[in-house]
Amino acid sequence: METTKKTAPVRRSAAPAARRKAPRRSPVAPEEIQRPDRRQDILDSAEFLFAERGYAAVSVRDIAARAGVPVALVSYYFGRKPELLATVFAHRQANLDERISRIREIGARGPGPGRVEEIVAAWAEPVVRLTGSASGDSFSLLVARTAWDPGPEATEIIGRFYDPLVHSFLEAMSVALPDCPADKLLWAYEYAVGALLMYVADKRIERLSNGRATAGDPARFDDFVRFVTAGLTAMCR
């Protein structure tokens, strides 16, 4: 007699209930976003580390760790690392604007005795004024590092923020020294920039002098202005 094998009924699980999408949560705690000091902490940290190590050697994680903030907060405020570098420089835009404004005002007076010295002083004094504080010293060193950094990020920053200053300086100097060839003025500017960056950012003077000299010493500002003025004048004779 043929027997029929009974198959146990298949139990089907109940259809899953409609899944509700969980609300997306920000990786940054609301209390962190609501603290305005955090943004400045990040900027200060970035400025210091970029100055001490150079742009390429610093990670966003390094910056967040020194600022004592979550890594996500750096991106929340500033985006990627190149944008953070640009923001550090934009934070000092007022200093650059002052230099450009003062140079243009002197250039507008036309040629006259002492004009070269006046332009040099207007170009350099706001930079020297920044020195003497931890933040100002860091920024001076950062400018020096960025000016000598061949990387594309540094090149873009120098072009965006400092080329307008160069053009203002050269235009004013072409008025003060009307017979000086443009190429000579440009090279004179390059020499002057090197002198200024070494003056405010090179700490080696402190070691070489056994502590008698200090980088960026405001008491040496008049000597610096005379030095650069003499170089410009000599080149354009």
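Everything quoted here is computed from the prediction, not taken from an experiment.
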Within 6.0 Å of CZ in Arg129, more than 12 heavy atoms from elsewhere: yes

Phe161 CZ: over 12 foreign heavy atoms closer than 6.0 Å: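 For Phe161, atom CZ is crowded (more than 12 foreign heavy atoms under 6.0 Å).
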
Quick one: does [X]'s side chain get under 4.5 Å of [Y]'s, heavy atoms only?
X: Val175; Y: Pro111; result: yes
X: Pro82; Y: Glu156; result: no
X: Val228; Y: Tyr191; result: no
X: Ile157; Y: Asp149; result: no
X: Cys236; Y: Asp179; result: no
X: Phe224; Y: Thr229; result: no
X: Glu125; Y: Val128; result: no
X: Arg102; Y: Ile119; result: no

Taking all atoms of both residues into account, what is the closest heavy-atom pair of [X] and [Y], and its distance?
X: Ala64; Y: Val74; result: CB-CG2, 3.9 Å
X: Leu141; Y: Ala201; result: CA-CB, 4.0 Å
X: Ser140; Y: Val200; result: CB-CG2, 3.9 Å
X: Ala176; Y: Val116; result: CB-CG2, 4.0 Å
X: Asn95; Y: Val127; result: OD1-N, 4.4 Å
X: Leu196; Y: Ala124; result: CD1-CB, 4.0 Å

Carboxylate-amine/guanidinium contact [X] [Y], below 4.0 Å:
X: Asp41; Y: Arg66; answer: no
X: Glu118; Y: Arg109; answer: yes
X: Glu83; Y: Arg80; answer: yes

Given 3.5 Å as the limit, does a donor-acceptor pair link the side chain of [X] with the main chain of [Y], or not?
X: Thr131; Y: Gly216; value: yes
X: Arg145; Y: Glu52; value: yes
X: Ser75; Y: Ala72; value: no
X: Arg53; Y: Val58; value: no

Quick check for you: to the nearest 0.5 Å, what is the distance between [X] atom [atom1] and [Y] atom [atom2]?
X: Glu47; Y: Leu43; atom1: CD; atom2: CG; result: 8.0 Å
X: Leu49; Y: Asp44; atom1: CG; atom2: CG; result: 11.0 Å
X: Trp123; Y: Glu98; atom1: CH2; atom2: CD; result: 14.5 Å
X: Trp187; Y: Leu232; atom1: CH2; atom2: CG; result: 14.5 Å
X: Ile106; Y: Glu117; atom1: CD1; atom2: CD; result: 10.5 Å
X: His167; Y: Tyr189; atom1: NE2; atom2: OH; result: 10.0 Å

Geometric class of the Tyr162/Phe89 ring pair [parallel <30°, tilted 30-60°, perpendicular >60°]: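 Judged by the thresholds at 30° and 60°, the geometry between Phe89 and Tyr162 is perpendicular.
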
Do [X] and [Y] belong together in a cluster built from hydrophobic side chains that touch within less than 4.5 Å?
X: Leu96; Y: Val143; answer: yes
X: Leu185; Y: Met235; answer: no
X: Met198; Y: Leu130; answer: yes

Tyr199/Ile205 under side-chain contact (heavy atoms from CB on, under 4.5 Å): CA gap, chis, key distance, verdict: CA-CA 9 Å; Tyr199 172 31; Ile205 189 70; over 6 Å; no

Residue among Ile63, Asp62, Thr146 satisfying side-chain contact (heavy atoms from CB on, under 4.5 Å) with Phe50: Ile63

Arg92 charged N/C atom sitting above Phe139 aromatic ring, 6.0 Å / 45°: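 Ring-cation test returns yes.
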
Pair Lys203-Asp137, side-chain contact (heavy atoms from CB on, under 4.5 Å): steps then yes or no: CA-CA 10 Å; Lys203 301 291 184 182; Asp137 289 348; 3.9 Å; yes

